[in-house]
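Note that ligands are numbered from 1 as they come in the structure, with each ligand's atoms numbered from 1 the same way. In this chain, residues are counted from 1 in sequence order.
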Amino acid sequence: MEAQRSPQLQLRHATTAANQQRFRSGSAAAQRSAMSGSVDLPVVDLASSDLRAAAASVRQACVEHGFFYVTNHGVDRALVEAVLAESKGFFDLPMEEKLKLHRTNHRGYTPPYAEKLDAASEFVERFPSWKETMKLYIATALDTGERILSLIALGLDLDAEFFHKIGALDCPSTFLRLLHYPGEVNESDSGNYGASAHSDYGAITLLVTDGTPGLQICREKDRDPQLWEDVHHIDGALIVNIGDLLERWTNCVFRSTLHRVVAVGKERYSVAFFLDPNSDTVVECLESCCSEADPPRFPPIKSGDYITGRINSTYK
Ligand SMILES: O=C(O)CCC(=O)C(=O)O
Ligand SMILES: [Fe+2]
């Protein structure tokens, strides 16, 4: 496996107050008034022997939806179950115990409401298999993410090893977020439950859920009223989505699609794995994504500067 920056892990109760800052739009009223339907996202078989065809599906999915499913992805079902079980164990703790892991520098627990409390970490003693489970999950998801990036590169008419060759995966940045959406809606949330509309910051996100619905995407963010479509659960598949950094890298050929999680009257667990290039990777318009008629829309930027800027504007 490639060298890797120390992975960051975040535990989040996904009620509004803790999420609100990072979202581009989506007031409670707007969420309620938006139209909705459901979407059939493409499914890409990562074990396909026809790499070119798989890459073409990935490209189409990234251009049209910014979201797709992957199957035969190499992340064991038992491992996913173990991560969800550890997560449930943590979120089931009394609040005062969870607060001992209160978030510092983007790691740790974010409570439902953003109080400022200081507490120490006692993670390891309380959850003996936590570290190994999360380490294995992160390593496996990283491996899967790299395979997806190879297909993305091929789909962009680049060498399958493009991201490796430019050093973007020498020391990639990974971030694991364990999310818990409580079943009951708190009155003070004003009906704005779950994760408000947002796009992810980085390159790609790999998402698993416990199968509870709630995830929706909005493919045309400027449309009025917005059309929100349910992303249904496919047993055993991972959901992959493109983040803003990859949208920028591809000169907006690929979409970083607005998404949110709405209340379904049932508690929900999910695990989001964010994969970004190493921080000194220069993200500048890929050759195959610009032309004289469609010049680069953004100046080059180091991946780390871009992500840090986004995170800092979130957690001010
Ligand atoms: O919980 C989910 O299904 C989505 C989570 C998400 O979009 C995020 O953490 O960025
Ligand atoms: Fe997201």
ask   = Are Tyr306 and Trp249 near enough that their ring centres are under 6.0 Å apart?
value = no
Among the N, O or S atoms of Asp200, the one nearest the Fe ion (ligand 2) = OD1
ask   = So does Arg248 pair up with Asp244, basic N to acidic O under 4.0 Å?
value = no
ask   = Between Ser270 and ligand 1, does any nitrogen or oxygen pair lie at a separation below 3.5 Å?
value = yes
request  = Would you mind running through ligand 1 and noting each atom that sits below 4.0 Å from a heavy atom of Arg177?
outcome  = 8 (C), 9 (O), 10 (O)
inquiry  = I'd like to check which ligand 1 atoms, numbered from 1 as shown, lie under 4.0 Å from a non-hydrogen atom of Leu179.
reply    = 1 (O), 5 (C), 9 (O)
inquiry  = Below 4.0 Å, non-hydrogen atoms only: which portion of Thr205 touches ligand 1? Side chain, backbone, both or neither.
reply    = neither
query = Which is closest to atom 6 (C) of ligand 1 by heavy-atom distance: His198, Arg260, His180, Gln216?
reply = His198
query = Can you list the atoms of ligand 1 that are under 4.0 Å from a heavy atom of Val261?
reply = 1 (O), 2 (C), 3 (O), 4 (C)
query = Would you find more than 12 non-hydrogen atoms of other residues, nucleotides or ligands less than 6.0 Å from Glu287 atom CD?
reply = no
request  = May I ask whether Ile166 and Phe298 are part of the same hydrophobic cluster, defined by side-chain heavy atoms of I, L, V, M, F, W, Y residues being less than 4.5 angstrom apart, directly or through others?
outcome  = no
request  = Run the numbers for me: atoms of ligand 1, each under 4.0 Å from some heavy atom of His259, listed by number.
outcome  = 7 (O)
ask   = If you count the non-hydrogen atoms of other residues, nucleotides and ligands that lie under 6.0 Å from CZ in Arg52, is the total more than 12?
value = no
ask   = Where the closest heavy atom to atom 1 (O) of ligand 1 is concerned, which of Phe273, Tyr269, Phe175, Tyr181 has it?
value = Tyr181
inquiry  = Testing Asp40, Val231, Val44, Leu238 one by one against Tyr69 for a side chain to side chain contact (heavy atoms under 4.5 Å, CB included), which residue passes?
reply    = Val231
